[in-house]
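Quick notes on the structure that follows.
The structure presented is a predicted model; accordingly, all values stated were derived computationally and were not measured. The first residue of the sequence shown is numbered 1, and numbering continues consecutively from there.
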Amino acid sequence: HAFSTGLVTLTAEKGSILDGLNDTAADVAGTDVLLQATGGAIGTATKPLDINTAAAAGSTGELTALAATGIFATETLGSLTVAEARALGGNIQLQTTDTSASGEDLLLKATTQIIAQGFIDLRIADNLGSKAGTLVQAGQGTSGAPLIVRGDFGNADPGVPTNIDLQGTWIGRPIQI
């Protein structure tokens with residue numbers, strides 16, 4: 001586990017950054033989280049890396065994730081603001097954890113870029129907010145890959161709708177919402 005009330009940076013130059021305990025508690029927590037796996041992946045499709053980007057009380061941090069073969073991360077508490085996520089040779093799956101509380105949103109800034117050679121799967125517990133200037137591109141350098149946006153993922157608060165605000169540029173083949 002890596003915890004801080006400030007910036008947490010983890011770099012794996014020749015391997016992956018994985019959830020070694022295979023639990024749902026945050027493996028990495030900080031006000032801002034920077035993950036780099038230049039020779040491997042961040043998490044796996046069957047066991048995403050559990051993160052908390054709001055480790056300091058009242059903070060709303062950001063995730064920056066760069067990986068050679070894939071990014072699979074789950075925000076364990078509250079909203080997830082993505083600064084950047086790039087999987088140069090793989091897929092991206094980002095998720096917020098759904099509870100009966102509100103505010104488990106995925107937030108994309110005007111400068112956010114989420115780019116994968118493979119598919120992108122965004123699993124949003126509550127709402128998705130994106131700004132003009134956001135770039136989300138699945139299948140970069142290929143003939144295309146699926147871009148999937150799933151609202152109310154987990155459905156721990158039945159009857160509460162999801163608001164999905166798609167601004168910016170969204171590229172996928174197909175795009176499923």
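Considering every non-hydrogen atom in both G90 and A116, the closest pair reads O-CB, 3.5 Å. Between A138 and A145, the shortest heavy-atom distance links the atoms CB-O, 3.4 Å. Contact record, A125 with E104: CB-O, 3.6 Å, taken as the closest heavy-atom pair. Pairing each heavy atom of A41 with each of S16, the nearest pair is N-OG, 2.8 Å. Annotation for S4 and G6: closest pair OG-N, 2.9 Å, computed over non-hydrogen atoms. Shown here for A2 and V8, the closest heavy-atom pair between the two residues is CB-CG1, 3.9 Å.
For the pair D126/D98, a side-chain contact is recorded, criterion being any heavy-atom separation below 4.5 Å from C-beta on. Under the 4.5 Å side-chain criterion, counting only non-hydrogen atoms from C-beta, T162 is not in contact with L128. By the 4.5 Å heavy-atom criterion applied to side chains, N52 and E75 are counted as neighbours. Counting heavy atoms from C-beta on, the side chains of L66 and T38 never come closer than 4.5 Å. Side-chain contact between L63 and L80 is present, with heavy atoms from C-beta onward closer than 4.5 Å.
Cluster membership for L94 and L135, using ILVMFWY side-chain heavy atoms within less than 4.5 angstrom, is not shared. Tracing side-chain contacts under 4.5 Å through hydrophobic residues (I, L, V, M, F, W, Y), one reaches L106 starting from V149; they form part of the same cluster. I92 and F119 fall into different hydrophobic clusters, where Ile, Leu, Val, Met, Phe, Trp and Tyr are joined by side-chain heavy atoms under 4.5 Å apart, directly or via other members. Under the 4.5 Å side-chain heavy-atom criterion for grouping Ile, Leu, Val, Met, Phe, Trp and Tyr, V33 is connected to L10 within one hydrophobic cluster. L35 and F72 fall into different hydrophobic clusters, where Ile, Leu, Val, Met, Phe, Trp and Tyr residues are linked whenever their side-chain heavy atoms come under 4.5 Å apart, directly or through other members.
Not a single donor-acceptor pair under 3.5 Å links the side chain of T97 to the backbone N or O of L77. Remark: side-chain polar atoms of D27 are paired, donor with acceptor, to backbone N or O of D50 under 3.5 angstrom. Judged by distance alone, the side chain of T31 and the main-chain N or O of G61 form no donor-acceptor pair under 3.5 Å. D165 places no side-chain N or O within donor-acceptor distance of the main-chain N or O of G129, the cut-off being under 3.5 Å. A side-chain donor-acceptor contact under 3.5 Å links T69 to the backbone of G40.
Scanning for side chain to side chain donor-acceptor pair (under 3.5 Å) contacts around E62 gives K109, with sequence neighbours left out. Scanning for side chain to side chain contact (heavy atoms under 4.5 Å, CB included) contacts around T11 gives T9, E13, Q36, with sequence neighbours left out. Looking at residues two or more places apart in sequence or on another chain, you find a side chain to side chain contact (heavy atoms under 4.5 Å, CB included) between K131 and A110, T134. For the side chain to side chain donor-acceptor pair (under 3.5 Å) test, no residue two or more places apart in sequence or in another chain qualifies with Q95. With sequence neighbours left out, T111 forms a side chain to side chain donor-acceptor pair (under 3.5 Å) with no residue at all. Residues that satisfy the side chain to side chain contact (heavy atoms under 4.5 Å, CB included) test with T44, not counting sequence neighbours, are L18, T46, K47. Qualifying side chain to side chain contact (heavy atoms under 4.5 Å, CB included) partners for A25, counting only residues two or more places apart in sequence or in other chains: D23.
Applying the side chain to side chain donor-acceptor pair (under 3.5 Å) test to residues at least two apart or on different chains, the pairs with a partner in residues 78-90 are E84-R86, R86-Q113.
The structure places CD1 of I51 at 10.5 Å from OG1 of T96, a figure rounded to the nearest 0.5 Å.
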For residues 152-161, which side-chain N or O atoms pair as donor and acceptor with protein atoms under 3.5 Å away, sequence neighbours left out?
none

Can you list, pair by pair, the side-chain donor-acceptor contacts under 3.5 Å of residues 168-176, counting residues two or more places apart and other chains?
from : atom 1 : to   : atom 2 : distance (Å)
W170 : NE1    : Q167 : O      : 2.8
R173 : NH1    : S143 : O      : 2.6

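V28 pairs in a side-chain contact (heavy atoms from CB on, under 4.5 Å) with only one of the listed residues (L49, T76, I42), which is L49.
The hydrophobic cluster around L107 extends to none of the other residues, as no ILVMFWY side-chain heavy atom falls under 4.5 Å of it. L7 shares a hydrophobic cluster with L34; the chain of contacts runs through ILVMFWY side chains whose heavy atoms sit under 4.5 Å apart.
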